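Below is one structure, written out as structure tokens, with a few remarks after it.
Every heavy atom of this structure was used, including side-chain atoms; hydrogens, water molecules and symmetry mates were not. Proteins get letters first, then strands, A, B, ... in listed order; numbering begins at 1 in each. The structure displayed is predicted, hence computed values, not measured ones.
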Protein chains: 2
Amino acid sequence: MGSDRLTDPEPAAAVDLVGDAFRDNAMFTIEADCEVEYDGRTSGYLGPGERLLVGKGDGTFLVHQPTGHKPVNWMPGGGTISASVSDGDLVVVARRVNPRERVEVRATDVHGITRFDAHDAAEYRESGTEAEMHQYIEAHPDELETGLRIVEHERETKYGFIDFFATDADGTPVVVEVKRVQATLNHFDQLKRYVSLYEETNSEVRGMLVAPAASDRVKRALRDADLEFVRLAEFETEAAPTKATLSDF
Amino acid sequence: MGSDRLTDPEPAAAVDLVGDAFRDNAMFTIEADCEVEYDGRTSGYLGPGERLLVGKGDGTFLVHQPTGHKPVNWMPGGGTISASVSDGDLVVVARRVNPRERVEVRATDVHGITRFDAHDAAEYRESGTEAEMHQYIEAHPDELETGLRIVEHERETKYGFIDFFATDADGTPVVVEVKRVQATLNHFDQLKRYVSLYEETNSEVRGMLVAPAASDRVKRALRDADLEFVRLAEFETEAAPTKATLSDF
DNA sequence: AGTTATATATCGACG
DNA sequence: CGTCGATGTATAACT
């Protein structure tokens, strides 16, 4: 089918297109002058202006202003999208139940509306994630410290999961927390929580935060708590090496 | 001007529209069969399929699959969007410098492309945020505990910011951490970090986590650490009361 | 520009 | 379905 387009449609025609698209599991986009209201986890109101509305078959609904990465209002998938005419305006409502929330758009002027029956079976494949960093560490624990031996990966404790439970060359236990990005105070907190747990039974336990970088404040917090920072910036993945592309930087 | 639309355009025409739109600070949407490649903080590839592409004048670029709230690939604002023809395909590239990253879309079939010169001066107004919860607590500290007195809001320490520094009826200092949502282990960590700091000089300091709810695990962690949970679910805002709407739940 | 904390975070994994 | 931790998190506030 591809895409259907209405330019400057009557509200009733737009209502039909939205209803049909949602029923048929299709996407739609609307360029419109509108007001937006949200009610749910918080509540909010956006006065008149021109925005791009996007709806998907899974109930996802987005209101995009002319700038910014994030939609100003939205509804994640799982709910329903419906449309109606009210006082001569197109009104689109996206709702869901858990949590109970609702986005309502009143469009006083619909410039255009497009239906798009998109078919997409592909899945995004990504390299360089924290999961791959874990694989690398498991295969090369010496990169963190000579003689380090991984005992367990993703060990569960009563206060959460430890990335790695290891022992050093002397046999002292080491709790290892790994971050793909610059370490934050919250990451320090996480490590501290796990280490505190082990200190209840073994005061000799060490704690190691592994990340490509950390701010001075984080490093000081670690030092004050007798925890360690280990820099690990580069790691090779088991997957295919980086491919050259036509338009490199 | 409103919106311009090309249906099943030649790649060269699409290139012109994208280039003009970005130059003129306008939004554009493209329905296309395409492949996507990302390189930057990580790298990834998305095989052929039909997606909705959205570009904005600030450099924001989004690739939306038929389902899901989040774009499968994106570029936040601040960078540039450019288009070209390569091997007969429309290629759109969005880049930015800090961090250095790039999204490249190769569209083998462009179903449609729409330019939208959106004007929007309105700002979103929201109620029920954590900032309002802070205001409420500052005005009604007794809601947390009888006799509690707020000494300082957003106090900076060497380990980060404390939501409230207070004293109880006995004059004992109380560190208060406030969450608008159900408390998590990370929130417990945060409070623990601040309290630990004060315990260095005053072992009598109390720590209070204020939230609408907390899981059993979090409550146990708090109890084990001699910290307290205070439930605060409802609070009135200084702002206008909730308005009734045409389409209530 | 760097750091910290919030978010209607969303999402996925696991129990 | 709740809980927990990662995210190419983005974003705002502040230094």
- Between CG on residue A:Leu90 and SG on residue A:Cys34, distance to nearest 0.5 Å: 9.5 Å
- Item | Where at least one partner belongs to residues 119-131 of chain A, residue pairs that pass salt bridge (Lys or Arg N to Asp or Glu O under 4.0 Å), sequence neighbours excluded | A:Asp120-B:Arg51
- Set of residues satisfying side chain to side chain donor-acceptor pair (under 3.5 Å) with respect to B:Lys56, sequence neighbours excluded: A:His64
- Task: Could you pull out all residues at least two apart from B:Ala21 that satisfy side chain to side chain contact (heavy atoms under 4.5 Å, CB included)?
- Result: B:Ala26, B:Phe28, B:Arg115
- Task: Mind running a 4.0 Å heavy-atom check of residues 58-83 of chain A against DNA chain D and sending the residues that fall below it, in number order?
- Result: A:Gly68, A:His69, A:Lys70
- Query: Which residues in residues 207-225 of chain A have at least one heavy atom lying under 4.0 Å from any atom of DNA chain C?
  - Reply: A:Ser215, A:Arg217
- Residues at least two apart in sequence or cross-chain that pass side chain to side chain contact (heavy atoms under 4.5 Å, CB included) with B:Thr80, listed by chain then number, are B:Phe22, B:Arg95
Close N/O contacts between protein and nucleotides 12-15 of chain D (under 3.5 Å):
none

- Going by heavy atoms closer than 4.0 Å, what residues in residues 178-191 of chain A are next to DNA chain D? A:Lys179, A:Arg180, A:Val181, A:Gln190
- Task: Name all residues meeting the side chain to side chain contact (heavy atoms under 4.5 Å, CB included) criterion together with B:Val181; count only those two or more places apart in sequence or in a different chain, and write none if there are none.
- Result: B:His187
- Message: Identify the stems formed by DNA chain C, where each pair is Watson-Crick or G-U wobble with both distances under 3.5 angstrom and a stem is at least 3 consecutive pairs.
- Response: C:1-7 with D:9-15, C:9-15 with D:1-7
- Task: Return the set of residues passing side chain to side chain donor-acceptor pair (under 3.5 Å) with B:Tyr159 (not counting sequence neighbours), or none when no residue passes.
- Result: A:Asp224
- Quick one: list whatever passes side chain to side chain contact (heavy atoms under 4.5 Å, CB included) with A:Ser82, sequence neighbours left out. A:Val93
